[in-house]
There are 2 protein chains.
Amino acid sequence: MTTDGSPGQGLHSRVLDTLGLAITAGDHRPGSVLRTDEIAERFDASRTVVREVVRVLESMRLVESRRRVGVTVRPTDEWNVYDPRVIVWRLAGTDRPRQLRSLTVLRSAVEPVAAGLAATLATPEQCAELTEAALGMVRTSRGHQLDGYLRHDIAFHRIVLNASGNEMFARLGDVVAAVLTGRTRHEVMFHDPDPAAVTLHVQVAEAVREGDAARAEALTRQIAVGALEELDVLAP
Amino acid sequence: MTTDGSPGQGLHSRVLDTLGLAITAGDHRPGSVLRTDEIAERFDASRTVVREVVRVLESMRLVESRRRVGVTVRPTDEWNVYDPRVIVWRLAGTDRPRQLRSLTVLRSAVEPVAAGLAATLATPEQCAELTEAALGMVRTSRGHQLDGYLRHDIAFHRIVLNASGNEMFARLGDVVAAVLTGRTRHEVMFHDPDPAAVTLHVQVAEAVREGDAARAEALTRQIAVGALEELDVLAP
DNA sequence: AAGCCTATTAAGTACGACGTATTCAAGTGG
DNA sequence: CCACTTGAATACGTCGTACTTAATAGGCTT
């Protein structure tokens, strides 16, 4: 509720969220048109509010508004798939598996490089936090403490991304959090996390602490490979 | 006018562009507040238009609008730095060097992985286009044909990103285009492109055509290293 | 001095009007 | 019969005003 693509309270947020979810879920096919008045009536909102919502959807490149024709849904490959709200919508919608795969592949590309940079740029404080997160993962890796494990896992990857010193990487923290959360909440509710993965995280923290960029990168790449393989088993 | 973060024609676009540019350039510091009525007067626009603009800026997480207080500029590290318009604004603004570096680092992480995927997923047609682009680079790499070279360079990287089959990668085509354009338009207006880089592009096309994922990835990583080194020479 | 209450402020929402570009179709001429 | 022009219809774009709501500041009470 506090962060990102949260529903919010106002009328605007409600309409935006509902419409965005419907579009990304495919309820309105690319090419189909919506009329502002229709939307206004459907949500019992004024045209003012609907227009503002449309402008935001337009900025996400989900739709295009043209005179005399209406608000047309754009082709999928033109969407701003990096917008946090779009990501949330798509993860909640029908093509969630595809989205999860896309994001995991993106992670597998970005995180190793981020870890390598972090190894040379991380402050002592960040190193301490990273070690703490890794130890937290170890502590919670047994006995169905998936909640706590997830929390430390997210913290770990967020710290690495932040410590990389690259703002573009840092902004992917929310994405990683969404992916990890989604994974936990769907599949592995039964068995504990893979011990090998836990070990790898500890080793990454170690490598970062020692400033060994190559090792941090290689180890993180192994984590990524594991995540991709896990996805291959579970997703179509 | 046709693509991305282009000014457009309407009043809305004009106000949005001017305000977005001003904010990203640091004319309005994070924490400072803007009032809707002020903006409306400043641009001689109605409150309606300004409100729609503010909603879009809010969706980019550049600002936050709160009752009784106004529109406050958010901290830099909360901005949606992946929004094409934000990227364009920042590339046109004062911290252009920092932005160029961030984007190049992102490229260096993503493009090698994308090339590896492309090697196994590219269609024959895409392979042909890729080869054609590489050959175009060779043809235009001598004799101050920087315009043509840039065009083929952009095409090359765009094809690789598209052929990777990952929508997140594909959407970075515009970013790469912006970076390459920016690089050409600023520094190397004098000497021809590095012959080694040209050769690497040809070899990448070759590797993709042959389905050699590891080689395509490694070669693209070399291109990325070159781009980073080039940046070190020119930027602070 | 601490806490409550009220007035103020600026955004949120709504409605009605007119401007304007774009489309479609009828009509005209070749 | 086809191509072009012209006009009407349409749905977004912009505007102004009025009212509502939430957050803040400042004064009042205890």
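Protein chains get the first letters and strands the later ones, always in sequence-line order, with residue 1 at the start of each. FYI, side chains are in, hydrogens and waters are out, and symmetry mates aren't considered; it's all heavy atoms of this structure.
- Between the P atom of D:dA23 and the CD atom of B:E64 lies a distance of 11 Å, rounded to the nearest Å.
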For this session: Please step through side chain to side chain contact (heavy atoms under 4.5 Å, CB included) for the pair A:M60 and A:W79, ending with a clear verdict.
Result: CA-CA 6 Å; A:M60 298 169 173; A:W79 294 354; over 6 Å; no

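- Using a 3.5 Å distance cut-off with no hydrogens or angles, the side chains of B:E167 and A:S102 do pair a donor with an acceptor.
- Distance CD1 (A:I39) to P (D:dA11): 13 Å, rounded to an integer number of Å.
- Note: B:F156 and B:H201 have perpendicular aromatic rings, judged against thresholds of 30 and 60 degrees for the angle between ring planes.
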Exercise. Given B:I23 and B:W89, is the side chain to side chain contact (heavy atoms under 4.5 Å, CB included) satisfied, shown in steps?
Worked result: CA-CA 9 Å; B:I23 292 174; B:W89 289 334; over 6 Å; no

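- In this structure, the helix from C:dA1-D:dT30 to C:dG30-D:dC1 shows an angle of 10° between the axis at its start and the axis at its end, each fitted on 5 base pairs and rounded to 10°.
- Within a 6.0 Å radius of CD in B:E78, other residues, nucleotides and ligands contribute more than 12 heavy atoms.
- B:E58 and B:R55 are joined by a salt bridge, as a carboxylate oxygen and a charged side-chain nitrogen come within less than 4.0 angstrom of each other.
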Exercise. Taking it one step at a time, do B:L62 and B:V73 satisfy side chain to side chain contact (heavy atoms under 4.5 Å, CB included)?
Worked result: CA-CA 6 Å; B:L62 292 184; B:V73 179; over 6 Å; no

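- Of the charged side-chain nitrogens involved, none lies within less than 4.0 Å of a carboxylate oxygen, so that A:D77 and B:R171 do not count as a salt-bridged pair.
- Taking atom CG of residue B:L16 and atom P of nucleotide D:dT14, one finds them 12 Å apart after rounding to whole Å.
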Problem set entry | Nucleotide-resolved protein contact map, nucleotides 11-18 of chain C, B/S/- at heavy-atom distance under 4.0 Å | BBBBB-B-

